[in-house]
Amino acid sequence: VNADDMVIDLGSGDGRTVIAAALRGARAIGVEYDADLVAMSQTRATDAGVSHRASFIEADLFDVDLSSATVITMFLLPDLNLKLRPTLLELNPGTRIVSNTWDMGDWIADETVQLDPCPGFCTALLWRVPADVTGTWKTNSGELVAKQMFQMVSGTIRYGESNAEITDGRLLGRELTFNAGTSHYQGRIDGNRIYGTVANNGQRVEWVATRTTR
């Protein structure tokens with residue numbers, strides 16, 4: 001994280017993650033249900049000289065508006081992660097979600113890092129909220145029919161008289177990549193438009209798609 005980020009730590013405990021983010025220049029908010037831990041965290045932020053960038057609120061994490069966050073951090077048990085998942089998936093595409101140790105079921109992490117040697121609780125899992133690509137898209141050479149399961153994308157694409165299955169379809173936030181036949185597609189999703197390129201046999205041309213139905 002850096003000064004461009006807004007970090008919200010869910011279940012912020014003694015404030016260490018919020019303070020670490022603030023020391024990197026980010027604005028950071030800790031959400032904690034325990035009033036004593038909130039008071040402790042505020043004192044620690046003042047002692048670290050980051051109270052102007054780090055703040056703490058006493059609240060139920062399910063009642064907090066997360067829409068301003070570019071990064072969500074959490075060290076919660078699996079059932080809470082799953083309960084939060086629908087809310088997290090509604091955040092702006094590209095928002096980074098980082099969990100200590102616990103996953104989010106069948107929403108597989110984009111990246112996983114394990115400290116070695118590990119004194120305990122040393123796995124970090126990173127997700128990027130995927131854009132919505134589901135639907136039928138008119139392209140400059142045919143039609144794309146896309147389905148998605150979180151960041152995984154499948155479907156078909158028609159170009160000219162050819163029809164091909166999508167393979168290796170993946171979303172990282174708004175960035176879409178997939179293969180179809182011998183072609184490799186890259187694109188950026190902007191609402192109901194995709195702008196990108198398609199490469200085939202050493203040639204690369206522009207590729208544009210407009211969603212017609214969901």
Side-chain angles (χ1 to χ4, degrees), residues 1-34 36-38 40-45 47-50 53-56 61-62 64 66 68-89 91-131 148-154 167-179 184 186:
V1 299
N2 57 41
D4 295 328
D5 283 310
M6 165 61 83
V7 178
I8 299 181
D9 185 31
L10 302 179
S12 54
D14 64 7
R16 66 183 65 188
T17 300
V18 172
I19 292 168
L23 287 169
R24 289 172 174 258
R27 293 171 297 147
I29 298 172
V31 180
E32 174 55 53
Y33 198 72
D34 186 320
D36 291 338
L37 287 174
V38 170
M40 177 195 297
S41 299
Q42 290 169 336
T43 298
R44 294 188 66 199
D47 291 345
V50 293
R53 289 196 299 271
S55 59
F56 300 88
L61 58 88
F62 291 100
V64 176
L66 305 179
S68 64
T70 60
V71 179
I72 301 287
T73 55
M74 53 196 193
F75 189 8
L76 307 172
L77 292 175
D79 59 329
L80 291 179
N81 282 7
L82 289 176
K83 189 176 178 181
L84 268 172
R85 193 173 77 176
T87 299
L88 299 176
L89 285 164
L91 296 176
N92 289 328
T95 301
R96 289 110 75 199
I97 315 293
V98 184
S99 173
N100 185 336
T101 303
W102 311 114
D103 64 21
M104 281 196 274
D106 53 357
W107 184 14
I108 304 301
D110 294 314
E111 297 179 46
T112 301
V113 175
Q114 173 74 48
L115 290 184
D116 183 22
C118 174
F121 300 109
C122 300
T123 302
L125 300 101
L126 168 67
W127 297 260
R128 295 172 182 84
V129 174
Q148 73 183 97
M149 180 70 171
F150 305 112
Q151 73 271 51
M152 305 301 182
V153 180
S154 60
T167 60
D168 301 317
R170 189 76 179 245
L171 283 161
L172 281 178
R174 298 182 186 277
E175 304 302 320
L176 171 67
T177 58
F178 64 90
N179 297 319
H184 177 68
Q186 295 177 300

So does Phe62 have more than 12 non-hydrogen atoms from other groups sitting under 6.0 Å from CZ? yes
Tightest non-hydrogen contact, residues Pro119 and Pro117, listed as CD-O, 3.8 Å
Show me, pair by pair, the donor-acceptor contacts under 3.5 angstrom made by side chains of residues 71-83, not counting sequence neighbours?
residue, atom, partner, partner atom, Å
Thr73, OG1, Asp9, OD1, 2.8
Asn81, ND2, Trp102, O, 3.2
Asn81, ND2, Asp103, O, 3.0

When every non-hydrogen atom of Leu61 is compared with those of Gly11, the smallest separation belongs to CD2-N, 4.4 Å
Heavy-atom closest pair, residues Val153 and Leu176: CG2-CD1, 4.0 Å
With rounding to the nearest 0.5 angstrom, report the CH2 to CZ distance, Trp107 to Arg85. 8.0 Å
Under the 3.5 angstrom rule, does the side chain of Arg128 hit a backbone N or O of Leu172 as a donor-acceptor pair? no
Give, for atom CZ of Phe56 and atom CD1 of Ile29, the distance between the pair rounded to the nearest 0.5 Å. 10.0 Å
In this structure, CZ of Phe178 is separated from CD of Gln186 (nearest 0.5 Å) by 10.5 Å
Between the main-chain N or O of Ile108 and the side-chain N or O of Gln151, is there a donor-acceptor pair closer than 3.5 Å? yes
Nearest 0.5 angstrom please: Leu84 CG to Ile97 CD1, how far? 9.0 Å
Taking every heavy atom of Gly15 against every heavy atom of Ser41, the minimum-distance pair comes out as N-OG, 3.2 Å
Any Lys/Arg nitrogen of Asp5 or Arg96 sitting under 4.0 Å from an Asp/Glu carboxylate oxygen of the other? yes
Criterion side-chain contact (heavy atoms from CB on, under 4.5 Å) against Arg44, the qualifying member of Val18, Asp14, Val50: Asp14
For Gly13, does its backbone N or O pair with a side-chain atom of Glu32 as donor and acceptor, under 3.5 Å? yes
Could you tell me the separation between the CG atom of Asp168 and the OG atom of Ser154, rounded to the nearest 0.5 Å? 12.0 Å
Within a strict 4.5 Å, meaning less than it, do heavy atoms of the Gln42 and Val38 side chains meet? yes
Can you give me the closest heavy-atom contact between Ala45 and Ile19, atom names plus distance? N-CD1, 3.7 Å
Can you tell me how far CG of Leu66 sits from OG1 of Thr95, rounded to the nearest 0.5 angstrom? 9.5 Å
Gln114-Thr123 side chain donor-acceptor pair, cut-off 3.5 Å: yes
Heavy-atom count check: over 12 atoms from other residues, nucleotides or ligands less than 6.0 Å from Arg170 CZ? yes
